[in-house]
Amino acid sequence: MSTLRSARQSRRLLGPLGAIAAACLLAACGSAVVTPSPAATAAQPTPTEAPTPAPSPTVEPAVTPAPTPPGQTDTAWGRIWDALPAGFPTYPGAHSAETGEGPASAILDAGPASAADVATFYQSALEGAGYSTVALSGPSEDGSWEVVSAGSSGCLLQTTVSPMGGSTFVTILFGADCPFE
């Protein structure tokens, strides 16, 4: 009888212990416990701490560099800019040309227009742009005209209008003392 009793007591003890062991096993199998690394816990804010907002990128205004003025060249007339500033008056329909006549701020082909008409255009357009006419001469023996103009800063520019082979060419010497704007 003592063996029977010890078997019953063992069953009574094993019953509750077995149930606890089974519950622990089920709990262990049903969910995985992940221990975060120290780096992961440091990166996440605690519930009582508000996340720090990321700094917003600042947008710098676009800076447009000032245009670089062209070079300058010494001529028999004087020192000139190697180009004309933007907005310089141009005879309607005129386009850039090469004549081989030497350095100039611009050489333009005004097409079949008369030299007198082109010279009058430049005199008027330059006066409208704030230049005063110092001299207007022409026509010379070859049919060319010359307009000499002065800017408010005392700078000079020379516009020579010459008929050549069915076209009228305009050679502009824009003085280096003139502001290049």
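Numbers here are sequence positions counted from 1.
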Would you be so kind as to tabulate the donor-acceptor pairs closer than 3.5 Å made by side chains of residues 168-176, with sequence neighbours excluded?
{"unit_1": "Thr168", "atom_1": "OG1", "unit_2": "Ala113", "atom_2": "O", "d": "2.4"}

Please tabulate, for the side chains in residues 120-131, all donor-acceptor contacts under 3.5 angstrom to protein atoms that are two or more places apart in sequence or on a different chain.
{"unit_1": "Thr120", "atom_1": "OG1", "unit_2": "Ala116", "atom_2": "O", "d": "2.9"}
{"unit_1": "Tyr122", "atom_1": "OH", "unit_2": "Tyr91", "atom_2": "N", "d": "3.1"}
{"unit_1": "Glu127", "atom_1": "OE2", "unit_2": "Thr133", "atom_2": "OG1", "d": "2.5"}

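Here the closest heavy-atom approach between residue Val134 and residue Ala150 is recorded as CG2-CB, 3.6 Å. Across every non-hydrogen atom of Gly78 and Thr75, the tightest pair is O-OG1, 2.6 Å. Contact between Ala106 and Leu84 at its shortest, heavy atoms only, is CB-CD1, 3.4 Å. Pairing each heavy atom of Ser162 with each of Ser144, the nearest pair is OG-CB, 3.6 Å.
Sorted by first and then second residue, the salt bridge (charged side-chain N to carboxylate O under 4.0 Å, His left out) pairs with a member in residues 98-112 form an empty list; sequence neighbours excluded. Within the structure, the disulfide bond (SG atoms under 2.5 Å apart) test picks out no pair touching residues 85-127 (sequence neighbours left out). Among pairs with a residue in residues 140-181, those fulfilling disulfide bond (SG atoms under 2.5 Å apart) read Cys155-Cys178, at least two apart in sequence or across chains. Counting only residues at least two apart or in different chains, side chain to side chain donor-acceptor pair (under 3.5 Å) contacts with residues 77-86 comprise Gln72-Arg79, Thr73-Asp82, Asp74-Arg79, Trp77-Gln158.
To the nearest 0.5 Å, atoms CD1 (Ile80) and CG (Leu156) are separated by 13.0 Å. For the atom pair OG of Ser153 and CG of Asp177, the computed distance is 7.5 Å after rounding to the nearest 0.5 Å. Taking CG from Leu108 and OG from Ser167, the interatomic distance works out to 12.0 Å, rounded to the nearest 0.5 Å.
Both Val161 and Phe88 belong to a single network of hydrophobic side chains, linked directly or stepwise wherever heavy atoms of I, L, V, M, F, W or Y lie under 4.5 Å apart. Residues Val118 and Val148 do not share a hydrophobic cluster, clusters being chains of Ile/Leu/Val/Met/Phe/Trp/Tyr side chains in contact below 4.5 Å.
For the pair Ser137/Trp145, no side-chain contact is recorded, criterion being any heavy-atom separation below 4.5 Å from C-beta on.
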